[in-house]
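Letters A, B, ... are given to chains in the order of the sequence lines, protein chains preceding strands, and every chain is numbered from 1.
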There are 2 protein chains.
Amino acid sequence: MRRDVFQAIADPTRREIIGMLAHKSLNLNNVADQFTISRPAISKHIKILTECGLVTITQQGRERYCHADFGKLKQVADWTARYQKFWTSKLDALGAFLETDKKQDQQK
Amino acid sequence: MRRDVFQAIADPTRREIIGMLAHKSLNLNNVADQFTISRPAISKHIKILTECGLVTITQQGRERYCHADFGKLKQVADWTARYQKFWTSKLDALGAFLETDKKQDQQK
DNA sequence: AATTTGCGTAACCAATCGGTTACTTATATA
DNA sequence: TATATAAGTAACCGATTGGTTACGCAAATT
């Protein structure tokens, strides 16, 4: 199934899972142990994360190890980067000015 | 109302609205004209965007001009940046190696 | 061989989402 | 003053979300 990565990272639990897996790959129960919600709930979150490519699974006997795969996060980073000039560095003042200018222009 | 910016940008229509407003501030009907969905639907999207600070409104007579405010996008950029080393530059190979190494280590 | 463990999945649930139409109010315009 | 326009909002709808409990099955352990 195809999944939107933006929608996948919208859930705070899933973002937490990604953060955990970035530090260390874990099997599903190990992940679930870190949360108060049930194992099946975590299983569903992991499924969503694999469906959009943010997590990969390697079966090891009866255990399934979850690894974070950050490639798809580039999509998010690229999107935000398009607007980065509006909040960073010396361009801040210029950006603010242009915005104001634009507004005045059109609200005339 | 407090809103999560990650959840706000999860919807593709809202991301499109942000993209439009980045180019030019618009009143609500002008935004709605660019989409096939109804004006009230757009009104709801704009409301969500204002609730998380991604859009600000300036009333101008009976019109409400919507301006993109990208400050909150920094939150998203910062989050993705934490994992950026996993997909960019020459560190790719090293990152991949460390990941593999880590996996082997724990799956032993 | 019997039991424990890891995990998927089905069935269900309440809440939220993204959309609609219908109505209302306030501001501009003819 | 009558009419047109901009936009919020309520009521409603079906689909999706995020959670649960209960069950089943395969792999590991005793």
B/D4/B/K72 ion pair, N-O < 4.0 Å: no

Hydrophobic cluster membership, B/I48 vs B/Y65, 4.5 Å side-chain cutoff: no

Results of side chain to side chain contact (heavy atoms under 4.5 Å, CB included) for B/R82 - residues two or more places apart only: B/W79

Closest contact, heavy atoms only, A/I18 versus A/F70: CG2-CE2, 3.8 Å

Spacing between A/K47 atom NZ and C/dA10 atom C1', to the nearest angstrom: 11 Å

Spacing between A/Q59 atom CD and C/dG6 atom P, to the nearest angstrom: 13 Å

Side chains of residues 28-41 of chain A: which donor-acceptor partners sit under 3.5 Å, not counting sequence neighbours?
| from | atom 1 | to | atom 2 | distance (Å) |
| --- | --- | --- | --- | --- |
| A/N30 | OD1 | A/N27 | ND2 | 3.4 |
| A/Q34 | NE2 | A/N30 | O | 3.4 |
| A/S38 | OG | A/A41 | N | 3.4 |

Derivation of the side chain to side chain donor-acceptor pair (under 3.5 Å) call for B/H67 and B/T56: CA-CA 5 Å; B/H67 323 285; B/T56 57; 5.0 Å; no

Nearest-angstrom distance from the residue atom CD1 of A/I46 to C1' of C/dG8: 13 Å

Terminal contacting nucleotides, 5' and 3', DNA chain D versus chain A (heavy atom, 4.0 Å): D/dT17 to D/dA28

Inter- and intrachain pairs under salt bridge (Lys or Arg N to Asp or Glu O under 4.0 Å), touching residues 48-58 of chain A, at least two apart: A/R3-A/E51

Between C/dC7 (P) and A/N29 (CG): distance, integer Å: 4 Å

Pairs satisfying salt bridge (Lys or Arg N to Asp or Glu O under 4.0 Å), at least one member in residues 58-70 of chain A, at least two apart: none

Where protein sits on nucleotides 14-21 of chain C, one letter per nucleotide: B base, S sugar-phosphate only, - none, heavy atoms under 4.0 Å: ---SSBBB

Under-4.0 Å side-chain N/O to phosphate OP1/OP2 contact, A/N27 with C/dC7: yes

Spacing of A/E63 atom CD relative to C/dC7 atom P, expressed in whole Å: 6 Å

